[in-house]
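We count ligands from 1, going down the list as the structure has it; atoms in each ligand are counted the same way.
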Amino acid sequence: MSTGVTVVTGGNRGIGAAIARRLVDAGHRVVVASRSGTGPDECALTGAVSMDVSSAVSIADGLSRIEETYGPIGVLIANAGITKDNLLMRMSDEEVDSVVQTNLSGSIRLCRGVARGMIRAKTGRIVLISSVVGLLGSAGQVNYAASKAGLVGVARSLARELGSRGITVNVVAPGFVETDMTAELEESRRDEILGAIPLGRYASADEVAAVVEFLVGPDAGYITGSVIPVDGGLGMGH
Ligand code: NAP
């Protein structure tokens, strides 16, 4: 396992909190970054910092504070993300820009921010949390799907750029997971989605976290540029 600090963005709730908990249990020194600057309850975190991943300045500042306080960053889990759903013809510029800025530009800037230290250390693990929606498409989610599909291009390009430095970059693409994000869905939409999932249920956040734990663990050293679905079969074939 990498010896540096493990940063989980959006690690205070939902999937990110499950990832933070698992990685703490696996022996990582975990620092959670989110706008609120809080960590999940009852979790032996190394630290929690405030960072807004939609802001280049806030990312640079947050990563510097993490490195100054806790040491070099060895693992990045870019998990923070938002949805602002609307049909294309009604989608505002703000809905386009804020989702792409947070989910895609934010992840690129985070990767850039941690890459220098990882290159110096000649080791590092990066996992980007995408979505089945990025591969499958979803009516009313053009902004979100574009941002999540973009992460695949980011990971595969970085896998090529950084592979010779001992750094792996992978994508985890969850299907529908029981979190605040999916709690916002209308009952009829939830039923529709359930009907399309071969396993017939939503994922738990911990089922996503388990795959992330594997990817940053010692057995995944030869896996890079991969897109691993955790979607109950919903996105099969994409
Ligand atoms: P969630 O419960 O809504 O939590 C979102 C997390 O992101 C929070 O920790 C939030 O923290 C953080 N966040 C949002 N905007 C941020 C910003 N600008 N700067 C820093 N942190 C920010 O979401 P979730 O369901 O756990 O989703 C986590 C990731 O998985 C997202 O990337 C999402 O797209 C992806 N995903 C989710 C599902 C699902 O079904 N839930 C499926 C596929 C993929 P603060 O509000 O404190 O900043």
Give the numbers and elements of all ligand 1 atoms closer than 4.0 Å to a heavy atom of [X].
X: D180; value: 2 (O)
X: K148; value: 31 (C), 32 (O), 33 (C), 34 (O)
X: F176; value: 40 (O)

How long is the straight-line distance from [atom2] of [Y] back to [atom1] of [X], given to the nearest 0.5 Å?
X: L185; Y: T83; atom1: CG; atom2: OG1; answer: 8.0 Å
X: L23; Y: D25; atom1: CG; atom2: CG; answer: 9.0 Å
X: R109; Y: S54; atom1: CZ; atom2: OG; answer: 9.0 Å
X: K148; Y: L136; atom1: NZ; atom2: CG; answer: 15.0 Å

Tell me the contacting part of [X] for ligand 1: side chain, backbone, both, or neither, using a 4.0 Å heavy-atom threshold, strictly below.
X: Y144; result: side chain
X: S130; result: backbone
X: I82; result: side chain
X: E178; result: neither

Return yes if some donor-acceptor pair links the side-chain N/O of R29 with the main-chain N/O of Y70 below 3.5 Å, else return no.
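Checking the backbone N and O of Y70 against the side chain of R29, a donor-acceptor pair under 3.5 Å is found.
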So, the side chain of R22 versus the backbone of E213: is there a donor-acceptor pair under 3.5 Å, distance only?
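It does not hold such a pair.
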Taking [atom] as the reference point, the nearest protein heavy atom with its distance:
atom: atom 20 (C) of ligand 1; value: M51 O, 3.2 Å
atom: atom 5 (C) of ligand 1; value: G81 O, 3.8 Å
atom: atom 11 (O) of ligand 1; value: N12 OD1, 3.3 Å
atom: atom 37 (C) of ligand 1; value: I15 CD1, 3.5 Å
atom: atom 18 (N) of ligand 1; value: D52 OD1, 2.8 Å
atom: atom 31 (C) of ligand 1; value: N79 O, 3.1 Å
atom: atom 10 (C) of ligand 1; value: R13 NH2, 3.6 Å
atom: atom 21 (N) of ligand 1; value: A80 CB, 3.5 Å

Salt bridge check: are R201 and E207 linked by an N-O gap of less than 4.0 Å?
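The answer is yes: the pair qualifies as a salt bridge.
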Could you work out, for atom 40 (O) of ligand 1, the closest of T179, V177, D231 by heavy-atom distance?
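Looking at heavy atoms only, V177 sits closest to atom 40 (O) of ligand 1.
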If hydrogens are left out, which of G10, A20, G175 has an atom nearest to atom 42 (C) of ligand 1, that is, the closest non-hydrogen atom?
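Among G10, A20, G175, the closest heavy atom to atom 42 (C) of ligand 1 belongs to G175.
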Under 3.5 Å, N or O to N or O, is [X] touching ligand 1 that way?
X: T102; result: no
X: T182; result: no
X: S36; result: yes
X: V53; result: yes
X: G11; result: no

Step through the shown structure and confirm whether more than 12 heavy atoms of other residues, nucleotides or ligands are within 6.0 Å of CG on D191.
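Yes, because the 6.0 Å sphere around CG of D191 holds more than 12 heavy atoms from other groups.
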Counting only heavy atoms not in R165, do more than 12 sit closer than 6.0 Å to its CZ atom?
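Result for CZ/R165: open.
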Do the non-hydrogen side-chain atoms of [X] and [Y] ever get within less than 4.5 Å of each other?
X: S50; Y: R65; result: yes
X: V99; Y: I82; result: yes
X: I197; Y: D231; result: no
X: V114; Y: L63; result: yes

Tell me whether ligand 1 is touched by T9 - counting only heavy atoms on the residue side and a distance under 4.0 Å.
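No heavy atom of T9 comes that close to ligand 1.
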Mark the output for A205 as yes if a heavy-atom distance to ligand 1 is under 4.0 Å, and as no if none is.
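No, A205 has no heavy atoms under 4.0 Å from ligand 1.
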Side-chain donor-acceptor pair present, S36, N12, cut-off under 3.5 Å
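Looking only at side-chain atoms, N12 and S36 do form a donor-acceptor pair, the distance falling under 3.5 Å.
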